[in-house]
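Convention: sequence-line order gives letters A, B, ...; per-chain numbering from 1. These numbers come from the heavy atoms of this one structure, side chains and all, not from hydrogens, waters or symmetry mates. Because the structure is predicted, anything quoted here is derived from the model rather than measured.
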Amino acid sequence: MSARHWLLKVEPEVFSFADLWRAKKRTTAWGGVRNYQARNLLRDELAVGDGVLFYHSNAEPSGVAGVARVVRAGYPDPTQFDPRDESFDAKSSPAAPRWFAVDVQAVRALARFVTLAELRAEASLEGMELLRRGSRLSVQPVARTEWRTVLRLGASIGADLEL
DNA sequence: GCCAACGTTGGC
DNA sequence: GCCAACGTTGGC
């Protein structure tokens, strides 16, 4: 698979796009994921330079808040080795790490926050993973056409659509 | 290896 | 707060 665009879910109560914007170098480790399908994507697929839709889940409203990019590809998620961390995994070890993280850097906020309802209303996004019934993956591939559509929905008139 | 019970996600 | 959908766990 050579998807170049991804959607990453975050609960804004925990860490929002605004938090990322304020972070040092506008960059954060994106990890704590304890799902194997998501792990495989983080470990094997996300590459430096890939585009990221930063999605606020479990929010009022939920939706895409901003654009980020991958600045460090998959590496062992340090939280799995920290007994004090709630994502600690006693069955993992540095020699055989089980969970992975990437680093992402904010590129820009969307001119308009694009709500989940707006995404659902967009016929051309019908096949988007996020919108599929029961979809829960916190790392999802985004097709190029979907990426462009979301950016268009989030752009103010005349804004540059390219990342 | 089956599958019921349980935990989590996340929209509503 | 509810609950549907899904993933994981663990008894057998």
Side-chain angles (χ1 to χ4, degrees), chain A residues 1 3 5-23 28-46 50-70 74-104 106-107 109-143 145-155:
Chain A
M1 199 210 311
H5 303 92
W6 308 92
L7 180 145
L8 299 184
K9 290 185 188 173
V10 156
E11 300 199 29
E13 298 273 307
V14 178
F15 193 85
S16 68
F17 188 77
D19 293 328
L20 179 62
W21 195 258
R22 286 190 293 264
T28 192
W30 197 88
V33 177
R34 297 296 181 262
N35 168 283
Y36 284 105
Q37 208 178 335
R39 185 282 304 270
N40 292 345
L41 293 174
L42 291 171
R43 185 189 60 191
D44 304 331
E45 302 293 342
L46 276 73
D50 285 357
V52 169
L53 296 175
F54 201 91
Y55 178 83
H56 286 179
S57 65
N58 237 326
E60 194 54 54
S62 294
V64 178
V67 176
R69 66 178 156 231
V70 178
Y75 61 95
D77 181 350
T79 65
Q80 70 196 305
F81 306 127
D82 180 358
R84 296 179 310 270
D85 195 287
E86 66 176 5
S87 298
F88 175 66
D89 184 347
K91 295 177 182 166
S92 187
S93 70
R98 183 177 287 192
W99 307 112
F100 285 74
V102 297
D103 287 355
V104 298
V107 173
L110 294 183
R112 290 181 54 253
F113 185 90
V114 180
T115 66
L116 179 59
E118 287 177 87
L119 296 174
R120 287 200 191 284
E122 181 67 32
S124 63
L125 294 178
E126 197 179 359
M128 199 174 176
E129 165 73 21
L130 179 75
L131 307 181
R132 281 183 34 211
R133 176 182 164 77
S135 169
R136 298 197 315 191
L137 256 194
S138 54
V139 186
Q140 304 180 357
V142 172
T145 53
E146 296 166 349
W147 171 267
R148 281 205 295 260
T149 299
V150 174
L151 292 200
R152 175 171 54 75
L153 291 172

Could you check how far CG of A:L130 sits from P of B:dG11, rounded to whole Å? 7 Å
For the pair made of CG in A:N58 and P in C:dC2, what is the distance, rounded to whole Å? 16 Å
Atom CD of A:E60 and atom C1' of B:dG11 are separated, to the nearest Å, by 10 Å
Separation of atom CG in A:L119 from atom C1' in B:dC12, rounded to whole Å: 16 Å
Grab the CZ-P distance between A:R132 and B:dG11 for me, whole Å please. 15 Å
Please state how far atom NE2 in A:H56 lies from atom P in B:dG11, giving the value in whole angstrom units. 12 Å
Quick one: A:R136 CZ to C:dC3 C1', roughly how many Å, whole number? 13 Å
Tell me if a side-chain donor or acceptor on A:R39 pairs with a main-chain N or O of A:V33 at a distance below 3.5 Å. no
A:D89 has an atom CG; how far is it from atom P of C:dG7, in whole Å? 19 Å
Output the distance between atom CG (A:L41) and atom CZ (A:F100), rounded to the nearest 0.5 Å. 13.0 Å
Answer yes or no: does atom CD of A:Q37 have more than 12 heavy-atom neighbours from other residues, nucleotides or ligands under 6.0 Å? no
Please compare A:K91 and A:S135 by the position of their nearest nucleotide in DNA chain C and report the one closer to 5'. A:S135
Keeping A:E122 on the side-chain end and A:T149 on the backbone end, is there a donor-acceptor pair under 3.5 Å? no
Base, sugar-phosphate or nothing for A:R120? Non-hydrogen atoms, less than 4.0 Å. sugar-phosphate
Go through B:dG11, C:dT8, B:dT8 for me and flag the one nearest to the A:Y36 side chain. C:dT8
With a 4.5 Å limit on heavy-atom distance, are the side chains of A:S135 and A:Q140 in contact? yes
So, OP1 or OP2 of B:dG10: does either fall under 4.0 Å of a side-chain N or O from A:K9? yes
A:Y55 vs B:dG11: side-chain N/O to OP1/OP2 distance below 4.0 Å: yes
Pick base, sugar-phosphate or nothing for A:S62, based on heavy-atom distances below 4.0 Å to the nucleic acid. sugar-phosphate
